Colleague: 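The structure follows.
Because the structure is predicted, anything quoted here is derived from the model rather than measured. Below, chain A is the first sequence line, B the second, and so on; all start at residue 1. The analysis underlying the following values was restricted to heavy atoms, covering all of them including side chains, and did not include hydrogens, waters or symmetry mates.
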There are 2 protein chains.
Amino acid sequence: MNTSLKSDKICLCAFDGIIDIIGRKWAILLISILGEYGDLRFNQLYGKLEGISPSTLSKILYELSGRGILTRTVTQDKPAKIVYGLSGRGKELRNSLIPLLNWMSGQDEFEKMAETCRPEDLISVKNL
Amino acid sequence: MNTSLKSDKICLCAFDGIIDIIGRKWAILLISILGEYGDLRFNQLYGKLEGISPSTLSKILYELSGRGILTRTVTQDKPAKIVYGLSGRGKELRNSLIPLLNWMSGQDEFEKMAETCRPEDLISVKNL
DNA sequence: CAGCATCCATGACGATACTG
DNA sequence: CAGTATCGTCATGGATGCTG
């Protein structure tokens with residue numbers, strides 16, 4: 001596995017890093033959607049992240065790309081297309097988020113909400 | 001296990017709930033510290049969460065207690081003491097956070113920081 | 001299409017002082 | 001001891017309009 005477990009303890013300073021990455025409003029959802037659907041273009045993401053603004057989407061894409069979580073690829077098509085996807089690191093992150101998502105979906109307060117969920121709003125929580 | 005896996009998919013609406021809980025600056029650290037040390041009193045937490053303000057600690061304790069993540073217990077001592085701890089639900093949450101912590105601690109950018117870490121800043125990532 | 005620039009509202013957080 | 005009250009600051013994110 002990837003986790004270099006030199007011990008069973010980690011330093012407090014790791015926590016800030018986690019919050020910086022996934023504490024952002026759309027980060028977990030964005031990562032999960034890219035895990036579910038594979039690579040997507042800006043406007044495809046804009047459509048799936050209901051309620052996000054272009055500027056916010058732009059910012060989060062820029063940040064997560066800069067952190068090596070996302071890949072940004074320009075295709076050779078004419079006209080060129082730009083696609084975003086999970087990097088290897090991003091896939092690891094997504095996998096490590098799955099227990100958290102499963103925990104959340106098992107909570108009562110969530111299960112009530114989930115009953116009204118449309119099929120197209122369901123996201124896979126299987127490992128990639 | 002607790003996770004009621006009716007399917008391998010979860011609804012988008014679960015994500016907001018996660019961000020509300022663990023997106024807060026001190027939430028993950030607080031949960032991990034209570035997992036590590038067991039029940040603690042306000043000023044003990046205040047000492048361990050270096051840099052937090054009393055008002056912020058007060059707020060996060062109130063919120064996580066309200067969500068059933070933390071327990072708040074008044075002892076019968078004289079004078080009475082108030083101790084905070086993880087509820088059953090909080091322990092589940094903590095366990096589901098462990099893969100994320102392990103992932104973060106395996107990242108290069110983190111490992112550099114971690115070299116300067118004091119022993120007392122190490123937190124266990126074993127299941128409860 | 002794939003954003004970026006700008007402005008604005010909200011609220012999270014920190015500092016400090018105070019209380020029963 | 002275990003907080004609450006108040007205040008100020010800053011960052012986040014939404015709305016909108018513009019661009020190559």
Colleague: Can you tell me how far the NZ atom of Lys59(A) sits from the CD1 atom of Ile52(A), to the nearest 0.5 Å?
Modeller: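 Interatomic distance, Lys59(A) NZ to Ile52(A) CD1, rounded to 0.5 Å: 10.0 Å.
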Colleague: To the nearest 0.5 Å, what is the distance between CD1 on Ile33(A) and CG on Leu49(A)?
Modeller: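 It is 4.5 Å, given to the nearest 0.5 Å.
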Colleague: Rounded to the nearest 0.5 Å, how far does CD1 of Ile31(B) lie from CG of Leu70(B)?
Modeller: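 Between Leu70(B) CG and Ile31(B) CD1, I get 6.5 Å after rounding to 0.5 Å.
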Colleague: Restricting to salt bridge (charged side-chain N to carboxylate O under 4.0 Å, His left out), what partner residues turn up for Arg67(B), sequence neighbours left out?
Modeller: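 Here no residue qualifies.
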Colleague: Within this structure, what is the CG-CD1 distance for the pair Leu61(B) and Ile69(B), rounded to the nearest 0.5 Å?
Modeller: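 Output value for this atom pair is 12.5 Å.
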Colleague: Whole angstroms only, please: what is the CZ-C1' distance between Arg72(A) and dC1(C)?
Modeller: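 For the pair Arg72(A) CZ and dC1(C) C1', the rounded distance is 12 Å.
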Colleague: Linking I/L/V/M/F/W/Y whenever any side-chain heavy atoms sit under 4.5 Å apart, do Leu40(B) and Phe42(B) land together?
Modeller: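 Same cluster.
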Colleague: Contact class for Tyr62(A) vs. all strands (heavy atom < 4.0 Å): base, sugar-phosphate, or nothing?
Modeller: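 Nothing, no heavy atom under 4.0 Å.
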Colleague: Give me the residues of residues 64-71 of chain B where at least one heavy atom lies under 4.0 Å from an atom of DNA chain D, by number, or none.
Modeller: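 Heavy-atom contacts with DNA chain D come from no residue of residues 64-71 of chain B; none.
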Colleague: Considering residues at least two apart in sequence or located in another chain, which fulfil the side-chain contact (heavy atoms from CB on, under 4.5 Å) criterion with Asp108(B)?
Modeller: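 Per chain and number, Asp108(B) pairs via side-chain contact (heavy atoms from CB on, under 4.5 Å) with Glu111(B).
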Colleague: Starting at atom CG of Asp77(A), determine the distance to atom C1' of dA2(C), rounded to an integer number of angstrom.
Modeller: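 Asp77(A) atom CG is separated from dA2(C) atom C1' by 15 Å.
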Colleague: To the nearest 0.5 angstrom, please state how far the CD1 atom of Ile22(A) sits from the CZ atom of Arg94(A).
Modeller: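 The CD1 atom of Ile22(A) sits 14.5 Å away from the CZ atom of Arg94(A).
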Colleague: Is there a side chain to side chain contact (heavy atoms under 4.5 Å, CB included) between Ser32(B) and Leu101(B)? Walk through the geometry before answering.
Modeller: CA-CA 10 Å; Ser32(B) 299; Leu101(B) 298 176; 3.9 Å; yes
Colleague: Would Ser58(B) and Ser55(B) count as having a side-chain donor-acceptor pair, cut-off 3.5 Å?
Modeller: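 Not at all, the side chains of Ser58(B) and Ser55(B) share no donor-acceptor pair under 3.5 Å.
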Colleague: For atom OH of Tyr62(B), is the number of surrounding heavy atoms from other residues, nucleotides or ligands below 6.0 Å larger than 12?
Modeller: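 Atom OH in Tyr62(B) is not crowded, with 12 or fewer foreign heavy atoms closer than 6.0 Å.
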Colleague: More than 12 heavy atoms of other residues, nucleotides or ligands under 6.0 Å from CD of Glu120(A): yes or no?
Modeller: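 Yes.
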Colleague: When you compare the protein's N or O atoms with those of nucleotides 11-14 of chain C, which come within less than 3.5 Å of each other, and at what distance?
Modeller:
residue : atom : partner  : partner atom : Å
dC13(C) : OP1  : Lys25(B) : N            : 2.6
dC13(C) : OP2  : Arg24(B) : NE           : 2.9
dC13(C) : OP2  : Arg24(B) : NH2          : 2.6
dG14(C) : OP1  : Lys25(B) : NZ           : 2.9
dG14(C) : OP2  : Trp26(B) : NE1          : 3.2
dG14(C) : OP2  : Thr56(B) : OG1          : 3.3

Colleague: Apply the test side chain to side chain contact (heavy atoms under 4.5 Å, CB included) to residues Leu45(A) and Leu34(A): give CA-CA distance (whole Å), side-chain angles for both, the deciding distance (0.1 Å), then the verdict.
Modeller: CA-CA 9 Å; Leu45(A) 288 167; Leu34(A) 287 175; 3.9 Å; yes
Colleague: Below 4.0 angstrom, which residues in residues 39-50 of chain B have at least one non-hydrogen atom near DNA chain C?
Modeller: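 By residue number: none to list.
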Colleague: Would you grab the first and last nucleotide of DNA chain D (5' to 3') that comes under 4.0 Å of any non-hydrogen atom in chain A?
Modeller: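 From 5' to 3', the first and last contacting nucleotides are dG13(D) to dT16(D).
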